[in-house]
Every structure is written in structure tokens, then in C-alpha cells.
A.B. asks: 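Here it is, the structure in full.
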Amino acid sequence: MTTTFITGANKGLGYETARRLTALGHTVILGARDPERGAAAAATLGARFVRIDVTDDASVAAAAADVAEHEGVVDVLVNNAGVSGPHGDPGELTGADALSVIDVNLFGVVRTTTAFLPLLRRSPDPVIVNVSSGLGSLAITHDPARVESSVIAPLYTASKAALTMLTTQYAKAFKDIRVNAADPGYTATDLNGHSGPQTVTEGTDAIVRLATERPGAASGRFMDRHGTIDWS
């Protein structure tokens with residue numbers, strides 16, 4: 001039985017990931033900041049809800065302690081929680097705006113990963129999946145054939161570029177854990193006002209694949225639903 005913890009899982013990509021992995025037989029722990037929405041989502045899926053606010057050290061520590069007490073191990077950690085940040089004129093962005101986005105999209109992954117490392121290391125085949133974005137890729141955002149090249153979202157894109165680099169560093173540092181990043185692609189979620197052409201099921205293909213690979217699969221990869229993306 002595989003025990004999987006997913007952050008930001010009360011809706012969107014996180015919820016669909018939880019639904020699919022539950023259907024595949026995973027014991028899913030649904031992490032979310034909002035207690036009512038998180039508990040309702042978990043009840044619908046047959047998962048267990050644990051409150052976690054990835055921007056709060058105490059909340060992250062309490063979530064890890066809760067899982068340690070009840071499940072005792074985490075086989076797969078999916079760092080999914082994310083925010084898009086403010087929209088509008090990039091010339092009006094502030095340092096506070098930047099901190100609010102990076103606090104969730106990057107620092108939240110650091111907090112959660114650090115807190116859950118002891119639980120992951122109790123697993124015979126520990127896996128971390130960081131939900132990144134093609135919008136964090138220099139190559140993709142400079143390719144005029146890709147829709148990502150037309151997007152202007154300085155803080156979101158910068159935070160996801162940092163997350164992909166963090167993933168490669170974790171993969172190099174944690175030789176005992178498989179660490180990879182997933183690009184969901186342009187998927188219809190609250191993050192983009194449901195404007196994406198992909199369904200949430202399509203958007204979770206790479207996440208689910210990385211979360212369900214057999215032992216011995218490679219670490220340090222960036223994948224979308226079609227395969228491996230170059231680190232660039």
C-alpha cells in the first residue's frame with residue numbers, strides 16, 4: 001500500500017491527483033489550508049484530510065506530526081500547492097507581491113519537503129513530485145510556437161523557474177529519494193480562470209505517472225504528459 005501526501009488538494013490539479021491515486025489504490029492524505037473545503041474534498045474521495053498551510057512553519061510541522069502519528073510513513077509527497085500571484089501591469093509589482101508568490105510556490109515546497117523527509121525516509125521507495133510549470137522554462141517561454149511564450153506573469157514564472165532548479169538540486173542531494181518535477185500544461189483550473197484547453201485529468205497525467213513509477217525509475221527529470229522536457 002502506497003501512502004501519498006498531496007498539498008493544495010481540495011480542488012483543481014491537487015484534487016484530481018488525489019482522486020486518481022485513490023482509484024489506483026494509494027492511501028491518500030489530502031492536505032489543504034481551508035479545513036472545511038479540505039475535509040469535504042477528503043470525504044468525497046475517501047481520503048484523510050490533514051490541514052496544512054505551506055506558508056506557515058508551525059502548520060507544516062503539525063501536518064508532518066499528524067501523519068507520523070497516524071500513517072507513520074510517506075511514500076510519495078506531491079508538492080502541488082501554488083498561487084498565480086497578482087495580475088495587471090508588471091510595472092506596479094512590489095516586493096511584497098513577490099514574497100507572497102514565492103512563499104507558496106517555492107518556500108512552501110522547501111518547508112514541506114524538509115518537514116516530511118523523515119517520513120519519506122521510512123519508505124522503501126520514497127518519491128517527491130514537485131508540480132512546476134512550462135512557464136518556468138526559458139526554452140518553452142521563448143518558443144513562439146508555444147502558448148507559454150505569450151504569457152506575461154513575472155512572479156509566477158520566476159517562482160516556477162526556481163522550483164525546477166530546486167528540484168534538480170534535491171535530486172542531486174537526496175540520493176535515496178526520487179525527486180522529479182511535473183509540468184501539467186495549460187489546464188483549466190481556478191489558477192487561470194478555467195481558460196486552459198486541457199482537462200484536469202490531462203493536466204495530472206505527468207503527476208500521476210511520476211507518483212506511480214516502479215522502483216528504479218530516474219530522478220531529476222522534468223516531465224509533461226507527453227514525456228521528458230529538457231532542463232532549460
Side-chain angles (χ1 to χ4, degrees), residues 1-9 13-14 17-18 20-22 24-33 38 42 45 47-82 102-132 160 162-183 204 206-223 228 231:
M1 186 69 72
T2 300
T3 299
T4 300
F5 187 92
I6 307 170
T7 65
L13 294 170
T17 300
R20 292 181 67 179
L21 292 179
T22 299
L24 290 171
H26 285 222
T27 296
V28 171
I29 307 161
L30 189 152
R33 181 177 57 181
L45 295 176
R48 190 171 81 82
F49 168 66
V50 171
R51 184 182 182 276
I52 183 169
D53 179 349
V54 300
T55 68
D56 184 272
D57 289 335
S59 174
V60 174
D66 184 297
V67 176
E69 179 182 353
H70 290 88
E71 286 79 18
V73 64
V74 169
D75 300 293
V76 180
L77 171 63
V78 180
N79 285 310
N80 168 75
I102 293 173
D103 199 20
V104 178
N105 295 356
L106 183 68
F107 301 162
V109 173
V110 173
R111 290 186 186 96
T112 306
T113 300
T114 299
F116 280 78
L117 273 177
L119 291 165
L120 284 161
R121 286 182 165 138
R122 295 178 186 174
S123 169
D125 183 40
V127 173
I128 297 173
V129 181
N130 292 329
V131 180
S132 189
K160 291 301 185 178
L163 179 57
T164 54
M165 178 57 77
L166 181 69
T167 301
T168 66
Q169 291 294 298
Y170 277 166
K172 291 177 181 179
F174 303 149
K175 301 298 185 183
D176 55 336
I177 301 174
R178 191 161 68 248
V179 188
N180 292 293
D183 169 23
T204 55
I207 304 169
V208 171
R209 174 178 173 179
L210 289 169
T212 57
E213 289 180 316
R214 293 183 178 182
S219 187
R221 292 167 295 157
F222 187 22
M223 299 192 71
T228 302
W231 286 111

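Keep in mind it's a predicted model, so treat the numbers as computed, not measured. Hydrogens, waters and symmetry mates are skipped; everything else that's a heavy atom, side chains included, is used.
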A.B. asks: To the nearest 0.5 Å, what is the distance between CE (Met165) and OH (Tyr170)?
C.D. replies: 13.5 Å
A.B. asks: Quick check against the 3.5 Å criterion: does Thr204 have a side-chain atom that pairs as donor or acceptor with the backbone of Leu13?
C.D. replies: no
A.B. asks: Would you call Arg111 and Asp53 a salt bridge, taking side-chain N to carboxylate O under 4.0 Å as the test?
C.D. replies: no
A.B. asks: Taking the side chain as every heavy atom from C-beta outward, state whether Val54 and Ser59 have any pair of such atoms under 4.5 Å apart.
C.D. replies: no
A.B. asks: OG1/Thr228 to CG/Asp183 distance, rounded to the nearest 0.5 angstrom?
C.D. replies: 12.0 Å
A.B. asks: Where do Asp176 and Pro126 come nearest, in terms of heavy atoms and distance?
C.D. replies: O-CG, 3.1 Å
A.B. asks: Work out which heavy atom in Thr113 is nearest to a heavy atom in Leu77; give both atom names and the distance.
C.D. replies: CA-CD2, 4.0 Å
A.B. asks: Considering all heavy atoms of both residues, which atom of Ala171 and which atom of Ser219 are nearest to each other, and what is their separation?
C.D. replies: CB-OG, 3.5 Å
A.B. asks: So, the side chain of Asn80 versus the backbone of Gly8: is there a donor-acceptor pair under 3.5 Å, distance only?
C.D. replies: yes
A.B. asks: Heavy atoms, side chains only, cut-off 4.5 Å: are Ile6 and Ile207 in contact?
C.D. replies: no
A.B. asks: To the closest 0.5 Å, what do you measure between NE2 (His26) and OG1 (Thr212)?
C.D. replies: 6.0 Å
A.B. asks: Mind checking the CD1-CG spacing from Ile177 to Leu120? Nearest 0.5 Å is all I need.
C.D. replies: 5.0 Å
A.B. asks: If you compare all heavy atoms of Thr4 against all heavy atoms of Val78, which two are closest, and at what distance to 0.1 Å?
C.D. replies: CG2-CG2, 4.2 Å
A.B. asks: Considering all heavy atoms of both residues, which atom of Val76 and which atom of Ala211 are nearest to each other, and what is their separation?
C.D. replies: CG2-O, 3.7 Å
A.B. asks: Do Asp57 and Val60 make a side-chain contact, defined as non-hydrogen atoms from C-beta onward lying under 4.5 Å apart?
C.D. replies: no
A.B. asks: So, the side chain of Arg209 versus the backbone of Met223: is there a donor-acceptor pair under 3.5 Å, distance only?
C.D. replies: no
A.B. asks: Would you call the rings of Trp231 and Phe222 parallel, tilted or perpendicular if under 30° counts as parallel and over 60° as perpendicular?
C.D. replies: parallel
A.B. asks: What heavy-atom pair brings Ala42 and Arg48 nearest, and what distance separates the two atoms?
C.D. replies: CB-C, 4.1 Å
A.B. asks: With rounding to the nearest 0.5 angstrom, report the CZ to CG distance, Arg121 to Leu117.
C.D. replies: 5.0 Å
A.B. asks: Between OG1 of Thr27 and CG of Leu21, what distance do you get to the nearest 0.5 Å?
C.D. replies: 11.0 Å
A.B. asks: Do side-chain atoms of Thr7 reach the backbone of Ala81 as a donor and acceptor pair under 3.5 angstrom?
C.D. replies: yes
A.B. asks: Tell me, do Leu163 and Val109 make a side-chain contact under 4.5 Å, heavy atoms counted?
C.D. replies: yes
A.B. asks: So does Arg33 have more than 12 non-hydrogen atoms from other groups sitting under 6.0 Å from CZ?
C.D. replies: no
A.B. asks: Run through Val67, Val73, Asp75 and flag the one making a side chain to side chain contact (heavy atoms under 4.5 Å, CB included) with Leu119.
C.D. replies: Val67
A.B. asks: I'd like to know if the side chain of Asn180 and the backbone of Arg221 have a donor-acceptor N/O pair within less than 3.5 Å.
C.D. replies: yes
